Colleague: 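First the structure, which I've put down as structure tokens, then a few questions once you've had a look.
Source: prediction; values computed, not measured.
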Amino acid sequence: MADTIADTRRLFSKPQNLNDAYGPPSNFLEIDVSNPETVGVGRNRFTTYEIRLKTNLPIFKLKESRVRRRYSDFEWLRGELERDSKVVVPPLPGKALFRQLPFRGDDGIFDDAFIEERRAGLEQFLNKVAGHPLAQNERCLHMFLQDESVDKTYTPSKIRQA
């Protein structure tokens with residue numbers, strides 16, 4: 001009978017003090033992809049997304065940043081990370097080729113529901129990538145997240161912690 005009773009003894013842990021409870025978190029990295037904007041006309045039409053970053057990780061030069069990127073910039077980042085890092089890079093949300101066909105009954109890749117689905121997928125991708133310690137050392141990730149524009153002719157390199 002004693003064998004069937006679950007062990008309910010408490011785990012002993014260090015008591016939490018006020019600074020632990022209410023102080024700043026030890027390390028944090030928050031990335032939001034939001035505010036999609038579709039710009040351009042006809043074949044030159046595309047959607048950009050705002051990327052907001054907040055962190056206290058010393059490897060990032062800016063503790064808060066806000067940039068706009070389009071899907072092709074995410075493709076570029078993924079390609080750079082696959083080529084230059086030891087990180088297994090997660091997939092991006094799909095290209096949605098069928099949504100780009102003419103004579104559809106909806107707005108294709110500019111349909112609000114599709115844009116929201118893609119936005120959520122891009123946010124998930126960025127949080128997985130940026131949360132990886134090895135990816136955090138890559139210059140391309142820092143440029144993508146914090147520089148006003150992406151210089152696709154940059155020289156790949158590692159970031160040194162300050």
Side-chain angles (χ1 to χ4, degrees), residues 11 13-14 16 19-40 45-101 106-162:
L11 294 174
S13 61
K14 177 174 101 81
Q16 190 177 44
N19 195 36
D20 292 341
Y22 298 104
S26 53
N27 281 328
F28 71 92
L29 174 63
E30 298 171 10
I31 299 173
D32 296 318
V33 177
S34 61
N35 301 326
E37 286 180 8
T38 299
V39 296
R45 192 174 179 201
F46 59 90
T47 302
T48 64
Y49 302 86
E50 182 179 68
I51 299 167
R52 288 186 314 237
L53 174 136
K54 284 185 178 180
T55 187
N56 66 354
L57 294 174
I59 196 149
F60 289 96
K61 68 180 178 206
L62 300 173
K63 299 311 165 202
E64 289 190 30
S65 61
R66 186 179 297 222
V67 296
R68 289 201 79 79
R69 298 289 182 252
R70 57 190 287 184
Y71 186 82
S72 60
D73 296 327
F74 284 86
E75 289 179 310
W76 171 84
L77 174 64
R78 187 173 191 282
E80 291 297 299
L81 289 170
E82 278 188 321
R83 190 186 69 204
D84 294 326
S85 75
K86 306 277 187 273
V87 178
V88 176
V89 185
L92 284 167
K95 274 295 269 186
L97 296 175
F98 290 113
R99 283 191 166 271
Q100 296 177 35
L101 294 173
D106 61 11
D107 287 331
I109 61 170
F110 303 109
D111 182 69
D112 288 344
F114 174 74
I115 288 173
E116 172 53 27
E117 186 180 313
R118 179 175 268 185
R119 183 213 60 76
L122 293 173
E123 183 174 274
Q124 184 178 33
F125 166 80
L126 265 187
N127 276 288
K128 281 182 181 175
V129 166
H132 194 293
L134 291 176
Q136 290 173 3
N137 294 325
E138 297 296 331
R139 172 79 187 109
C140 60
L141 179 67
H142 288 254
M143 184 172 30
F144 181 89
L145 290 172
Q146 300 198 308
D147 290 2
E148 195 58 43
S149 61
V150 175
D151 174 11
K152 295 181 180 175
T153 64
Y154 86 114
T155 302
S157 61
K158 304 288 184 214
I159 299 290
R160 303 281 177 245
Q161 207 150 1

Colleague: Does the pair Glu116/Arg119 count as a salt bridge with the N-to-O cut at 4.0 Å?
Modeller: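 Here Glu116 pairs with Arg119 in a salt bridge, since their nearest N and O are under 4.0 Å apart.
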
Colleague: Evaluate the side-chain proximity of Leu77 to Leu141: yes if any heavy-atom separation is below 4.5 Å, no if none is.
Modeller: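 Side-chain contact under 4.5 Å: yes.
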
Colleague: Does the side chain of Phe46 reach to within under 4.5 Å of the side chain of Thr38, using non-hydrogen atoms?
Modeller: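 In short, these two side chains do not touch, never coming nearer than 4.5 Å.
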
Colleague: Can you see which heavy atom on Lys152 is nearest to which on Ser72, and at what distance?
Modeller: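 Taking Lys152 first and Ser72 second, the nearest heavy atoms are NZ-O, 4.3 Å.
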
Colleague: Does the side chain of Arg69 come within less than 4.5 Å of Val33's, by heavy atoms?
Modeller: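 Side-chain contact under 4.5 Å: no.
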
Colleague: Carefully, step by step, assess Asn35 and Arg52 under the rule side-chain contact (heavy atoms from CB on, under 4.5 Å).
Modeller: CA-CA 10 Å; Asn35 301 326; Arg52 288 186 314 237; 4.0 Å; yes

Colleague: So which of Thr155, Asp147, Asp151 actually passes side-chain hydrogen bond (donor to acceptor under 3.5 Å, both in side chains) with Arg139?
Modeller: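 With Arg139 as partner, side-chain hydrogen bond (donor to acceptor under 3.5 Å, both in side chains) holds for just one option, Asp147.
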
Colleague: Rounded to the nearest 0.5 Å, what's the gap from NZ on Lys158 to CD1 on Ile59? Could you check?
Modeller: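 Those atoms lie 10.5 Å apart.
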
Colleague: Hey, does His132 have a side-chain heavy atom less than 4.5 Å from the side chain of Ser85?
Modeller: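 A side-chain contact is absent here, since even the closest heavy-atom pair is not under 4.5 Å.
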
Colleague: Distance check, rounded to the nearest 0.5 Å: Arg66 atom CZ versus Gln146 atom CD?
Modeller: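 Nearest 0.5 Å value for the CZ-CD distance: 13.5 Å.
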
Colleague: Which pair of non-hydrogen atoms, one from Arg83 and one from Pro156, has the smallest distance, and what is that distance?
Modeller: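 Scanning both residues, the minimum pair turns out to be NH2-CG, 3.4 Å.
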
Colleague: So, do Glu138 and Glu80 sit near enough that their side-chain heavy atoms are less than 4.5 Å apart?
Modeller: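 No. Closest side-chain heavy atoms not under 4.5 Å.
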
Colleague: Looking only at atom types and distance, does a side-chain atom of Asp73 sit under 3.5 Å from a main-chain N or O of Arg70, one as donor and one as acceptor?
Modeller: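 Confirmed, Asp73 side chain pairs with Arg70 backbone.
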
Colleague: Which atom pair, heavy atoms only, marks the closest approach of Pro90 to Lys128?
Modeller: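 Closest approach of Pro90 to Lys128: CG-CB, 4.0 Å.
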
Colleague: Is the distance from the ring center of Tyr49 to that of Tyr71 below 6.0 Å?
Modeller: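 Distance test on ring centres: not under 6.0 Å, no.
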
Colleague: For the atom pair CD1 (Ile51) and CD1 (Ile31), what is the distance rounded to the nearest 0.5 Å?
Modeller: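 Between atom CD1 of Ile51 and atom CD1 of Ile31 there are 8.0 Å.
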
Colleague: Identify the heavy atoms of Cys140 and Tyr154 that sit nearest to each other, and give their distance.
Modeller: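 Closest approach of Cys140 to Tyr154: CB-OH, 3.2 Å.
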
Colleague: Please tell me if the side chains of Leu126 and Phe74 come closer than 4.5 Å, counting only heavy atoms from C-beta onward.
Modeller: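 Yes; the side chains approach each other to less than 4.5 Å.
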
Colleague: So if I apply the side-chain contact (heavy atoms from CB on, under 4.5 Å) rule between Gln136 and each of Thr55, Val87, Leu29, Val129, which one comes out positive?
Modeller: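 That would be Leu29.
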
Colleague: I would like to know whether Leu122 and Leu92 meet side-chain contact (heavy atoms from CB on, under 4.5 Å); could you show each step before the answer?
Modeller: CA-CA 7 Å; Leu122 293 173; Leu92 284 167; 3.8 Å; yes

Colleague: At what distance, to the nearest 0.5 angstrom, does CG of Leu53 lie from CD of Glu64?
Modeller: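 Answer rounded to 0.5 Å: 8.5 Å.
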
Colleague: Got a donor-acceptor contact below 3.5 angstrom from the Asn27 side chain to the Leu57 backbone?
Modeller: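 Not a single qualifying donor-acceptor pair exists.
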
Colleague: Evaluate the salt bridge (Lys or Arg N to Asp or Glu O under 4.0 Å) criterion for residues Asp32 and Lys54: first the C-alpha distance (whole Å), next the side-chain angles of each, then the deciding distance (0.1 Å), finally the verdict.
Modeller: CA-CA 9 Å; Asp32 296 318; Lys54 284 185 178 180; over 6 Å; no

